[in-house]
Amino acid sequence: MEKKIRKICCIGAGYVGGPSMAVIADRCPYLDINVIDKNIERIAKWNSTNLEELPIYEPGLKEVIKRVRNRNLFFSNDLEKNIAEADMIFISVNTPTKSRGIGAGQASDLKWIESCARLIGEHSIGSSIIVEKSTIPVKTAQTIKSILDSYSFKKTLDNEKIKSFSILSNPEFLAEGTAISDLENPDRVLIGGEDEMAINTLKEIYLNWIKGSKIITTDLWSSELSKLIANAFLAQRISSINSITPLCELTGANINDVAIAIGMDSRIGKYFLNSGPGFGGSCFKKDILNLVYICNHYGLIEVADYWEKVIDINNWQQKRLTRIIVEKLFGTISEKKLAILGFAFKANTNDIRESPAIRICKDLLEEGCYLNIFDPKVNELQIKEELGVNDKDRLPETNRGSWVFTSSITQAVNGADAIVVLTDWSEFNNLNFENFSKIMRSPSWVFDTRNVVNVKAAKLYGFKVWKLGDGSTN
Ligand code: NAD
Ligand code: UGA
């Protein structure tokens with residue numbers, strides 16, 4: 001048995017809420033879906049008639065939005081009305097790492113989750129299915145339930161209609177840059193819960209486009225925990241391959257060949273073995289930190305230490321890259337110009353949260369160099385929020401370097417001593433080294449941290465090349 005659902009509301013119009021609801025709306029035209037957010041500017045961008053102004057960039061997103069927006073998908077700041085009318089409410093708000101207080105630097109800050117539970121308790125009418133889509137620590141469903149139960153109890157005392165809630169965990173596994181295809185064709189959909197009718201109701205929605213064999217159901221706690229563990233395992237693979245890159249550089253081996261050789265073992269598998277400047281994005285670090293916090297909480301110190309190492313290696317890789325750049329450029333980059341190609345944490349997104357480019361650029365600036373930064377989708381304001389003072393407002397008496405935002409690769413490269421590739425945008429596969437050799441200072445260097453540069457072409461035009469994990473370029 002399942003419940004008839006007509007209206008869905010999703011709290012949080014971010015990287016998950018926006019695309020995931022757009023795909024549900026696309027595949028289920030019979031549903032009315034309202035994505036709500038307290039951020040007025042964000043909602044205005046989702047409603048912009050110019051689809052280039054959507055608040056997030058994802059390949060394929062514009063096309064889906066064009067089909068469904070104002071048909072059966074709506075974006076609004078009216079939290080109360082949309083919560084009151086909904087039969088099913090998704091919670092898709094941010095769950096960042098706590099910055100102060102108990103658990104600071106590790107535990108997830110659940111204040112946004114709690115405020116959602118209170119909003120729902122206050123405004124929801126009748127029975128509702130509450131779906132946790134945000135990534136949260138195991139046992140969060142219990143917190144949400146306690147808050148909702150207290151509101152129901154209060155309403156009973158006030159002789160109001162009693163509300164009933166079922167809580168489901170339905171973690172999202174999409175990756176940015178491939179969000180739409182991940183949502184349209186996921187490896188699996190995971191639903192955790194106790195109430196069979198609620199589980200079947202959510203399952204029925206996904207069955208509109210996903211095979212039943214891909215929809216797995218479990219208890220709440222296994223579902224919540226699986227999400228953290230999936231991210232921890234993915235991040236662990238990146239730290240594992242990155243930890244081997246210096247060994248390749250020192251021994252003359254090549255990390256890509258090693259990755260191919262080990263990946264052909266079907267037990268290891270070929271995916272997620274690309275070495276790079278370290279993983280970024282809003283989730284891997286925060287979710288592992290959260291796992292570490294939970295392990296410590298339960299006294300599992302060795303387990304916590306084990307997972308913390310995944311983050312240590314990630315930080316070490318980022319620091320290591322700056323050291324190499326300085327060493328290669330005759331031990332100093334003070335007043336040298338570097339072209340930074342790519343600022344997003346990965347290709348095909350405008351997201352810079354936890355991007356390795358942030359740490360690396362900050363370290364380079366500490367060395368007193370000038371950075372010309374180019375990224376096809378990231379804007380100047382985003383970079384300014386992370387790097388702060390740029391060329392225009394730099395105090396000349398400080399020894400710290402400065403940066404400028406450039407709107408083309410050629411502009412970034414003009415007059416530079418080195419090109420540093422930090423994001424795997426396909427635009428960087430065919431750099432015009434012939435032209436660059438004429439406009440850069442020599443000796444001109446290319447530092448490729450993403451294995452995207454055509455080394456042969458660069459060398460042909462006299463470039464010195466350093467490629468991550470490639471012993472032949474060291
Ligand atoms: P986000 O920061 O892009 O969006 C969250 C939105 O929630 C913001 O716009 C914020 O204004 C809104 N919000 C917060 N509290 C609110 C409230 N009380 N009422 C109304 N609006 C509120 O975050 P995101 O990247 O979409 O991530 C959301 C969750 O999904 C996180 O838990 C994250 O770990 C998880 N997740 C993210 C990804 C990803 O690729 N970004 C993938 C899988 C899971
Ligand atoms: C990741 C997971 O892949 C998603 O399944 C999960 O839903 C999501 O986190 C989340 O919970 O937020 P995302 O961070 O968007 O998705 O992107 P990934 O493709 O996983 O890349 C993360 C980082 O790892 C990027 O900086 C990327 O460049 C890096 N990476 C990835 C590598 O360095 N090597 C690889 O082989 C793969």
Side-chain angles (χ1 to χ4, degrees), residues 9-21 35-43 45-46 55-56 58 75-80 82-83 90-97 108-120 132-137 140 170-179 182-183 186-188 227-228 230-235 237-242 245 259 263 270-288 290 314 317-318 342 344-349 351-357 422-425 449-451 468:
C9 161
C10 173
I11 314 179
Y15 283 85
V16 169
S20 62
M21 293 304 125
V35 184
I36 56 174
D37 203 295
K38 59 184 180 180
N39 183 328
I40 292 171
E41 201 188 326
R42 206 165 216 190
I43 290 296
K45 284 185 177 170
W46 278 113
I56 66 177
E58 272 296 335
F75 292 93
S76 159
N77 294 117
D78 191 341
L79 310 183
E80 294 165 24
N82 286 300
I83 287 173
F90 285 80
I91 300 181
S92 191
V93 298
N94 36 328
T95 48
T97 306
S108 283
D109 193 339
L110 294 180
K111 78 173 175 208
W112 290 275
I113 295 281
E114 180 173 336
S115 74
C116 287
R118 290 184 186 281
L119 270 172
I120 296 168
E132 300 171 336
K133 209 159 229 335
S134 294
T135 304
I136 43 199
T140 303
N170 174 220
E172 184 49 65
F173 295 102
L174 69 81
E176 288 178 29
T178 51
D182 292 344
L183 288 161
D187 285 349
R188 79 309 207 178
K227 172 62 195 177
L228 288 188
N231 274 359
F233 267 61
L234 289 168
R237 268 174 87 87
I238 300 169
S239 280
S240 296
I241 199 78
N242 281 345
T245 51
K270 64 180 179 182
Y271 298 106
F272 247 70
L273 285 178
N274 297 322
S275 57
F279 54 78
S282 62
C283 295
F284 280 172
K285 187 170 159 203
K286 105 172 146 58
D287 293 347
I288 295 177
N290 191 220
N314 204 50
Q317 179 80 331
Q318 292 175 20
F345 80 97
K346 63 183 282 196
N348 297 318
T349 177
D351 195 349
I352 62 165
R353 290 177 290 180
E354 297 292 339
S355 175
L422 293 181
T423 310
D424 46 341
W425 286 103
T449 70
R450 290 284 193 170
N451 186 30
L468 180 73

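Atoms within a ligand are numbered from 1 in the order they appear, just like the ligands themselves. Note that the structure is a prediction, hence the values are computed from the model and not measured. Side-chain atoms are counted along with the backbone in the values below, which use heavy atoms only and exclude waters and symmetry mates.
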Practice task
Among all protein heavy atoms, pick out the one at the shortest distance from atom 23 (O) of ligand 1; state its residue, atom name and that distance to 0.1 Å.
Solution key: Arg353 NH1, 3.8 Å

Problem - Option nearest atom 44 (C) of ligand 1 (shortest heavy-atom distance, choices Thr135, Leu228, Leu174, Val35) - result: Thr135

Exercise for the section: Any atoms of ligand 1 less than 4.0 Å from a non-hydrogen atom of Tyr15? List them with their elements. Expected result: 3 (O), 24 (P), 25 (O), 26 (O), 41 (N)

Exercise for the section: For atom 8 (C) of ligand 2, grab the closest protein heavy atom and report residue, atom and distance to one decimal in Å. Expected result: Leu174 O, 3.5 Å

Practice task
Would you mind telling me if ligand 2 is within reach of the side chain of Asn274, the backbone, both or neither, using heavy atoms under 4.0 Å?
Solution key: both

Handout entry: Numbered atoms of ligand 2 (with element) below 4.0 Å of Lys227, judged on heavy atoms
Key = 6 (C), 7 (O), 10 (C), 11 (O)

Exercise for the section: Looking only at distances, please establish whether an N/O atom of ligand 2 is found under 3.5 Å from an N/O atom of Asn231. Expected result: yes

Completion exercise
The option among Asp182, Leu422, Leu234 carrying the non-hydrogen atom nearest to atom 3 (O) of ligand 2 is Leu234

Practice task
Would you mind checking which non-hydrogen protein atom is closest to atom 20 (O) of ligand 2, with the distance to 0.1 Å?
Solution key: Phe272 CZ, 3.1 Å

Handout entry: Closest contact, heavy atoms only, Glu176 versus Thr349
Key = OE1-OG1, 3.3 Å

Completion exercise
Closest to atom 21 (N) of ligand 1 (heavy atoms only, candidates Arg118, Glu114, Lys38) is Lys38

Fill in the blank from the handout: The atoms of ligand 2 lying under 4.0 Å from a heavy atom of Phe279, numbered in the order shown, are 23 (C), 24 (O), 26 (O)

Problem - Any N/O pair Arg42/ligand 1 closer than 3.5 Å - result: yes

Fill in the blank from the handout: The option among Asn39, Asp37, Ile136, Asn94 carrying the non-hydrogen atom nearest to atom 9 (O) of ligand 1 is Asp37

Handout entry: Phe284, portion touching ligand 2 at heavy-atom distance under 4.0 Å
Key = side chain

Handout entry: Structural part of Ser134 in contact with ligand 1, heavy atom criterion under 4.0 angstrom
Key = both

Handout entry: Asn290 backbone acceptor or donor facing Ser108 side chain under 3.5 Å
Key = no

Practice task
Could you check atom 15 (N) of ligand 1 against the protein and tell me its nearest heavy-atom contact, residue, atom and distance included?
Solution key: Trp112 CD1, 3.1 Å

Handout entry: Nearest non-hydrogen protein atom, atom 32 (O) of ligand 1
Key = Thr95 OG1, 2.6 Å

Completion exercise
Closest to atom 40 (O) of ligand 1 among protein heavy atoms sits Glu176 OE2, 3.2 Å

Problem - Glu172: numbered ligand 2 atoms lying under 4.0 Å from its heavy atoms - result: 7 (O)

Problem - Nearest neighbour of atom 16 (O) of ligand 2 from the list Gly281, Pro356, Ala175, Ser134, on a heavy-atom basis - result: Ala175

Exercise for the section: Report yes or no: does a heavy atom of Arg450 sit under 4.0 Å from some atom of ligand 2? Expected result: yes

Problem - Derivation of the salt bridge (Lys or Arg N to Asp or Glu O under 4.0 Å) call for Glu132 and Lys227 - result: CA-CA 11 Å; Glu132 300 171 336; Lys227 172 62 195 177; over 6 Å; no

Handout entry: Heavy atom of the protein closest to atom 34 (O) of ligand 1 (residue, atom name, distance)
Key = Lys286 NZ, 2.6 Å

Handout entry: Per-atom contacts of ligand 2 with Cys283, taking only distances under 4.0 Å to non-hydrogen atoms
Key = 10 (C), 11 (O), 12 (O)

Fill in the blank from the handout: Among Asp182, Val16, Ile43, the residue with a heavy atom nearest to atom 27 (O) of ligand 1 is Val16

Practice task
Within a distance under 4.0 Å of any heavy atom of Ile11, pick out the atoms of ligand 1 and give their elements.
Solution key: 19 (N), 20 (C), 21 (N)

Fill in the blank from the handout: min-distance protein heavy atom vs atom 43 (C) of ligand 1 -> Glu172 O, 3.2 Å

Completion exercise
The protein heavy atom nearest to atom 14 (O) of ligand 2 is Phe345 CE1, 3.5 Å

Problem - For atom 18 (N) of ligand 1, the protein heavy atom that lies nearest, with its residue and separation - result: Ser115 OG, 2.9 Å

Practice task
Look at atom 5 (O) of ligand 2 and say which protein heavy atom is nearest, naming residue and atom and giving the distance to 0.1 Å.
Solution key: Phe173 O, 2.7 Å

Problem - atom 29 (C) of ligand 1: nearest protein contact (heavy atom, Å) - result: Val93 O, 3.3 Å

Problem - Expected output: side-chain Asp37 to main-chain Ile43 donor-acceptor under 3.5 Å - result: no

Fill in the blank from the handout: Closest to atom 29 (C) of ligand 2 among protein heavy atoms sits Ile238 CD1, 3.8 Å

Exercise for the section: Check each of Arg237, Lys346, Arg353 against atom 19 (O) of ligand 2 and report the one with the nearest heavy atom. Expected result: Lys346

